[in-house]
There are 2 protein chains.
Amino acid sequence: MSQFCEQLKTAGLPLTTHRIAILEFMADNHSHPSAEDIYSALHQKFDSMSKMTVYNNLQTLVSSKLLQEIDIDKEKARYDCITATHHHFYCNVCKKIYDVALECPNLNHETMDGHAIESVQGYFFGTCRECRAG
Amino acid sequence: MSQFCEQLKTAGLPLTTHRIAILEFMADNHSHPSAEDIYSALHQKFDSMSKMTVYNNLQTLVSSKLLQEIDIDKEKARYDCITATHHHFYCNVCKKIYDVALECPNLNHETMDGHAIESVQGYFFGTCRECRAG
DNA sequence: GTGGCTGCAAATCATTTGCATATAC
DNA sequence: GTATATGCAAATGATTTGCAGCCAC
């Protein structure tokens, strides 16, 4: 049984072909694809897969914390298979998203000004090294 | 001449009644309102003000750095008259946004992994102190 | 068998676009 | 007088909703 099936079983989710395919695609693809990107890539292999299935599964997988949703791109949600807390850099030119490892002791508090913190997203914007060089 | 007119002059923007009104409203209102909120509040006083004028002016004012756009709320953009870098807490229950003063030396770098950083947004999510108490 | 998954079409809703008129300077 | 602001109506586009049939277990 693949690691993806195990992940789904642990999360208590039924194993469907499409759901496994999405997890597999995300594991192989660290470019932080959007729902549309995932749909474009997968509906070629599984020509029966609809965009709705992609949306439904992304929602389910995020709820079960098997994927993380990144809202750094105002246009559309992007997804990441790395669910441990980390941060992101968004290139305003090429619109690529890079993972960022940021050390900050103050980010580990469970509360802040009395508010209970459940999650943190650090979003950096600018021009990425490739676009600067090009 | 009001501080708002001076801000606009310094930014090289023409002084229009509506634009001044938006700046004034934002200075008095630290609840991080959305375009819709601003429109609802102002189109009562200035019944000629259309939603388009609000959208146009918000865009202009953000470009001129007289306002800051906050994209912590996936549903819609929110705006802040404090333009110095700071961060935000979003309450998943009441959807209010709180300002957050976060000290983190690593946030001051101009580059990261070779990427040129132009701006940083730290978004915290959870349940605010009021909703926890209530 | 039953509950969750799939996928089609239609709806939603913040925001953008095009354009004609009005206003700032 | 010219450039910019205003505001109307229509378009955009990601995402959601409702619902019938299908598949996992």
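Because the structure is a prediction, the values reported are computed rather than measured. Below, chain A is the first sequence line, B the second, and so on; all start at residue 1.
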If you compare every side-chain N and O of [X] against the phosphate oxygens of [N] (OP1, OP2), does one of them come in below 4.0 Å?
{"X": "B:S50", "N": "D:dT6", "answer": "no"}
{"X": "B:H18", "N": "D:dG7", "answer": "yes"}
{"X": "A:S34", "N": "D:dA14", "answer": "no"}
{"X": "B:T16", "N": "D:dT4", "answer": "no"}

What is the separation between atom [atom1] on [X] and atom [atom2] on [N], rounded to the nearest whole Å?
{"X": "A:E75", "N": "D:dT15", "atom1": "CD", "atom2": "P", "answer": "10 Å"}
{"X": "B:M52", "N": "D:dA5", "atom1": "CE", "atom2": "C1'", "answer": "11 Å"}
{"X": "B:L58", "N": "D:dG7", "atom1": "CG", "atom2": "P", "answer": "14 Å"}
{"X": "A:Y55", "N": "D:dG18", "atom1": "OH", "atom2": "P", "answer": "18 Å"}
{"X": "A:Q59", "N": "D:dT15", "atom1": "CD", "atom2": "P", "answer": "11 Å"}
{"X": "B:N56", "N": "D:dA3", "atom1": "CG", "atom2": "P", "answer": "19 Å"}

* Does B:A77 or A:N57 map to a spot on DNA chain C nearer the 5' end, using the closest nucleotide for each? ->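 Nearest nucleotide further toward 5': that of A:N57.
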
* Nearest-nucleotide 5' precedence on DNA chain C, A:T53 against B:E69 ->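 The 5'-side residue here is A:T53.
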
* To do: Indicate, with a heavy-atom threshold strictly under 4.0 Å, whether B:E36 touches base, sugar-phosphate, or nothing.
  =>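 Answer is nothing: B:E36 stays at 4.0 Å or more from every strand.
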
* Across the strands shown, which category fits A:T60 at heavy-atom distances under 4.0 angstrom: base, sugar-phosphate, nothing? ->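 Result for A:T60 = nothing.
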
* Going by heavy atoms in the side chains, are A:L61 and A:L13 under 4.5 Å from each other? ->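 Yes, side chains in contact.
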
* Asked: Which heavy-atom pair separates A:C5 from A:I20 by the least distance, and what is that distance?
  ->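 Smallest heavy-atom distance, with atoms named: SG-CD1, 3.8 Å.
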
* If every non-hydrogen atom of A:H87 is compared with every non-hydrogen atom of A:G122, which pair is closest and at what distance? ->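 Looking at all heavy atoms of both residues, the shortest contact is ND1-N, 2.8 Å.
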
* Candidate nucleotides D:dA14, D:dA5, D:dT16, ranked by approach to the side chain of B:P14 - the nearest ->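 Nearest to the side chain of B:P14 among the choices is D:dA5.
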
* Asked: Would A:K96 and A:E130 pass as an ion pair if we require N to O under 4.0 Å?
  ->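 Looking at A:K96 and A:E130, the cut-off is met.
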
* Asked: Would you call B:K95 and B:E75 a salt bridge, taking side-chain N to carboxylate O under 4.0 Å as the test?
  ->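 No, B:K95 and B:E75 are not salt-bridged.
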
* ring pair (Phe, Tyr, Trp, His ring centres under 6.0 Å), paired with A:H115, selected from B:F124, B:Y90, B:Y98 ->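 The ring pair (Phe, Tyr, Trp, His ring centres under 6.0 Å) with A:H115 is passed solely by B:Y98 among B:F124, B:Y90, B:Y98.
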
* Interface limits on DNA chain C, where chain B has a heavy atom under 4.0 Å of a nucleotide atom ->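 Going 5' to 3' along DNA chain C, contacts run C:dA14 to C:dC25.
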
* **ILVMFWY network linking B:L66 to B:V54, side-chain heavy atoms under 4.5 angstrom** =>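 Yes.
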
* Taking the nucleotide of DNA chain D with the closest heavy atom to each, which residue, A:T17 or B:S48, is nearer the 5' end? ->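 The residue closer to the strand's 5' end, by nearest nucleotide, is B:S48.
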
